[in-house]
Every structure is written in structure tokens, then in C-alpha cells.
Number of protein chains: 2
Amino acid sequence: MPYDPIAFPAVAVTVDLVALTIRDGVLAAVAIRRGEEPFLGEWALPGGFVRAGEDLDAAAGRELTEETGLTADRLHLEQLASYGAPRRDPRMRVISVAYLGLGPDLPLPVAGGDASGARWAPVDELLAADLAFDHHRILADGVERARAKLEYTPLATVFCEPEFTVAELRRVYEIVWGATLDGRNFHRKVTTAAGFLRPTGTTTTRDGGRPAQLYRRGDLQVLYPPMLRG
Amino acid sequence: MPYDPIAFPAVAVTVDLVALTIRDGVLAAVAIRRGEEPFLGEWALPGGFVRAGEDLDAAAGRELTEETGLTADRLHLEQLASYGAPRRDPRMRVISVAYLGLGPDLPLPVAGGDASGARWAPVDELLAADLAFDHHRILADGVERARAKLEYTPLATVFCEPEFTVAELRRVYEIVWGATLDGRNFHRKVTTAAGFLRPTGTTTTRDGGRPAQLYRRGDLQVLYPPMLRG
DNA sequence: TGAATAGTGTCTCTCAGACACTATTAG
DNA sequence: CTAATAGTGTCTGAGAGACACTATTCA
């Protein structure tokens, strides 16, 4: 009997966030140290209740801005999946809608509210340890989604500065995928894919060696044929 | 302040189902005629509350079995996405976790419970009309997911009988994608992809003409390189 | 000058798409 | 026989991967 507005079970809905960036040469995610039970003192993903009258996307965007200060134009935010195992929160039934956020490196989020600490933590480190609730699984799913999306979208560019070189973009792929790519074939691939990159006409020597063209992200939405992981 | 078990807004969580099959040569979805307000008399996707102590996947599987009688071994069921716009249900806040189910053709589901009618309806027909709530969007997302997954998984086989010919499999692709494929290139692609198909050693003439090899689905999980839509 | 990084050219192999051709059944 | 469908062989062009080679800077 769907949609009976009286006899529904008591459920809370939250959004949890897999917020990724590249920091110090590794893929990193925002992790919060829990300031209360359950899982007191353990690391968890940031998240919170969906407010009354608030859309799911809006709730995720709000959480992300609260945690990182990222503004919407510099990042990518998409729904990842929902997690609702009956005992995933020991206190009550909680369904969590997880979101994946990707953005450039930023100052460390400051601790506040219920969380006794927040930091950008290397993803490998988080995945090697335990996380509160089912957040290990959520993080793993988010990282895999990010890896997959680099293959067929220009999303890697959101990890870069607004103007970036081909080598800087390549380093993003290499870090996220944990593989080395041939710089020459990579260069050919991204520069001949129409609409992927828009040349600025200027160059930089910030990476050393011969000056490199600077590019901005182009209008391309889907990269076909895709980039392939080593 | 996440996970405060007292002060959470009143929310109901449902699962909605995009249940697809191939029937009479077209892609069809289960549609329910609503037996009560709101949207009384309109077509909707099947769905219902997640019960206390019930996992999301289990709730989706239960709904699917109730509606179609499909048993788990003959079908594919995966989470699609969650929909939680504040006014998507006019009575109260409802978050819906949508699932995509794919399976072979079955007898028409029988009407029962709150629904005054249920049928397999051609997807094109449903998408050309209006559906209750935001179910048009959910159905469109589900169909697009199914189309995309045929490219890189052997999922098309779940629409077939346990033993099927290459041509029958090709017809699945053609119906779901709405495109014609070259039978000769298709044959080469699926028979040379290691693990996609497992030959039974028997043949059939049920499609007319020269007898065709019968196959079962193989162990392959991901098809690489993928099949391409016309 | 040499070290470092950017970028081009070329070869080979895989594979998709087009399509000629052969194979095996029913009627 | 013909019609229908199954299945093979062959050519072409796009593109990935390997990698030699050239270009342009800094120290």
C-alpha cells in the first residue's frame, strides 16, 4: 500500500559526501572525526540531515560548502547511490543518499559543530583503515565512480586550476588511476578530441622545461572514444 | 548535526521500480493505474514503502516479485537513483529510491491491493504520456541506464530465454536501442568475446532458415571493448 | 653546454563497419 | 528449385600503444 501518509515507519534521511580533491600528489577525501557516539573518535564521511523542504541535491551542495567552502562553479557534484541497510546506524533507521563531489585543492576545512576534527585524508589511507558506519563502502564506491568517469568525461579538469597544461591534466589521471600514462599519446588524445580543451594562446614554464600551452576546459560533455586506464 | 535521533524531519522512504521486459517486440515497463488520490486514475510505476528492518534491495526485490512474479535467478535488479524533490508527493515528504529491474517476458501482472490495474506498457507509449509524480523522469532515467548497460555488459541476455540464438540476442539490442545492427558483425562480436556466450552444442530452427546454434549466458561480467549503439 | 619538459611523426595491431559470399534448413 | 536465416571471409579506416625524434626553456 504505497504512499499511505499515516502508517509509514520512522526513518531519517541524510546525505553523506565523498568529497575528493588532489592534494600533495594524492587523491584525498574529506574525513570528519566523530565527536559523539556511536563511533566516537573514529573517522567518517561528512554528512547531515536533509532539511524539511530541501532538495537532495541542495542538501549535498550545502554540506559540501559547509565542509570545504567550495563554490558551485568550481566543482562537480553528482548523486552516487543510496545506502539503507537496516542496522547501518545503530540508533535508528537511517537512509543515506551519498553524493560524489570533485573539486580543486582547498584550504583544510576547519573543525566545527559536532565534528571534533576534519581533514583532507589520502583515500588509500582511509580505505586501509576503518571508517564509521558503512562509510568505507560508500567511499570505495565514490572513488570507483570517479575513476570510471575520468574515462569518458572531461571531469579530470575540475581537479585543475582554471588554466592548466596538458601535463598537469595528465598528472590528475595518473594520480586518480594510480597508473602512469604515456605523455606523448596522452597529449595527442586530449588535444585532438574536439571540444575537450580550449587553448588560451598563452604558455607557462611553471612545470619547468619547454614552455607548455595553457588550456581551459572546453564544451565537451562526453569523451568518445574514451580515455583508457593503463 | 548529523544523526540526531530525535530532531529529524518526518520523511517517508519508498522504492519505485522501473521493471523492463521485451514484449511483442517492444521494450515494455510495468505500469500501475493509481486507485487513489493523488493522481487517481493515472499511470504510475509500481512501488511502496520500505518496511521496518528491510534492506533497500530487499524491498525492491519484494515489490518486483509482487508485481511480476519474477524469481531472482531470472532477472537483474540494481539501484537506479534516489528522487527527493520536496513536493514530489503532495501529501508529505517522500524520498524514493528507484530500482531498475530487467527480466524475460512474463504473464501480465494481475491487479490487486491499491492499484486498480497493472500492465506491461510499451515504454515509448508511457514516455509520450504523463505519469504520476515524477515517474516520467524516473522511467526515462531507467531506460537510459538499461540502454547504456547493454553496451558494456552481457545484460541483454536476461531478456532472453535461458537458451537463445545469436539472432534472438541481436533483436534484444535492436529493440532496446531502437536501431538496426548488422547481423554478421554482431555475430562476430558476440561469439569472439571470450566468456560472453557458452555454446550448448544444440541447434534450433525456431527462427526459420538455417539452424542456429543455441547459447547460454557465459561468465563474462564486463564486455570490453563494448558493443556500440548504431 | 646539458637536463628537463613539450610536442610531433611513424609504425603496428586491434577492431568496427561494410559487405561479398557460402551453408543449411523449410516448403 | 526459391526464400529465409546462419555464419565466414575480406577489405578499409579509426585509433591505441610503443617509441624515435625534434623543440624550447633554465641553469
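Within every chain, numbering begins at 1; the chains are lettered A, B, ... in the order of the sequence lines, protein sequences first and strands thereafter.
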Validation: residues 206-219 of chain A side-chain donor-acceptor distances under 3.5 Å, sequence neighbours left out:
residue, atom, partner, partner atom, Å
Arg206(A), NE, Glu168(A), OE2, 2.7
Arg206(A), NH2, Glu163(A), O, 2.9
Arg206(A), NH2, Glu168(A), OE1, 2.7
Arg206(A), NH2, Glu168(A), OE2, 3.3
Asp207(A), OD2, Thr165(A), OG1, 3.1
Arg216(A), NE, Glu163(A), OE2, 3.4
Arg216(A), NH2, Glu163(A), OE2, 3.4

For residues 176-189 of chain B, which residue pairs pass the side-chain hydrogen bond (donor to acceptor under 3.5 Å, both in side chains) check, not counting sequence neighbours? Asp182(B)-Arg184(B), Asn185(B)-Arg188(B)
So do the side chains of Phe159(B) and Val176(B) get within less than 4.5 Å of each other, counting heavy atoms only? yes
Could you pull out all donor-acceptor pairs under 3.5 Å where a side-chain atom in residues 151-158 of chain B meets a protein atom, sequence neighbours excluded?
residue, atom, partner, partner atom, Å
Glu151(B), OE2, Arg229(B), NE, 3.3
Thr153(B), OG1, Lys149(B), O, 2.6
Thr153(B), OG1, Leu155(B), N, 3.3
Thr157(B), OG1, Pro154(B), O, 2.7

Residues from residues 146-154 of chain B sitting under 4.0 Å of DNA chain D, heavy atoms only? none
Contacts of Asp141(B) that satisfy salt bridge (charged side-chain N to carboxylate O under 4.0 Å, His left out) - sequence neighbours left out: Arg137(B)
Output the residues of residues 186-213 of chain B in contact with DNA chain D, where contact means a heavy atom of the residue under 4.0 Å from an atom of the strand; sort by number or write none. His187(B), Asp207(B), Gly208(B), Gly209(B), Arg210(B), Pro211(B), Ala212(B), Gln213(B)
Between Ile32(A) and Ala118(A), which heavy-atom pair has the shortest distance, and what is it? CD1-CB, 3.7 Å
Strictly below 4.0 Å, heavy-atom distances to any atom of DNA chain C: list the hits from residues 161-177 of chain B, or just say none. none
By side chain to side chain contact (heavy atoms under 4.5 Å, CB included) - contacts of Ala146(A) (at least two apart): Leu20(A), Leu100(A), Leu102(A)
Non-neighbouring partners of Glu125(A) that pass salt bridge (charged side-chain N to carboxylate O under 4.0 Å, His left out), sequence neighbours left out: Arg119(A)
Contact interval (first through last nucleotide) of DNA chain C with protein chain A, 4.0 Å heavy-atom: dA4(C) to dT8(C)
Which heavy atom of Ala98(A) sits nearest to which heavy atom of Ile138(A), and what is that distance? CB-CG2, 3.7 Å
For Leu56(B) and Gly84(A), the nearest pair of non-hydrogen atoms, with its separation, is CD1-N, 3.5 Å
State which residues pass salt bridge (charged side-chain N to carboxylate O under 4.0 Å, His left out) with Asp57(B); sequence neighbours excluded, sorted by chain then number. none
Using whole Å, report how far CZ of Arg229(A) lies from P of dA16(D). 16 Å
What residues form a side chain to side chain contact (heavy atoms under 4.5 Å, CB included) with Ala193(B), not counting sequence neighbours? Phe196(B), Leu223(B)
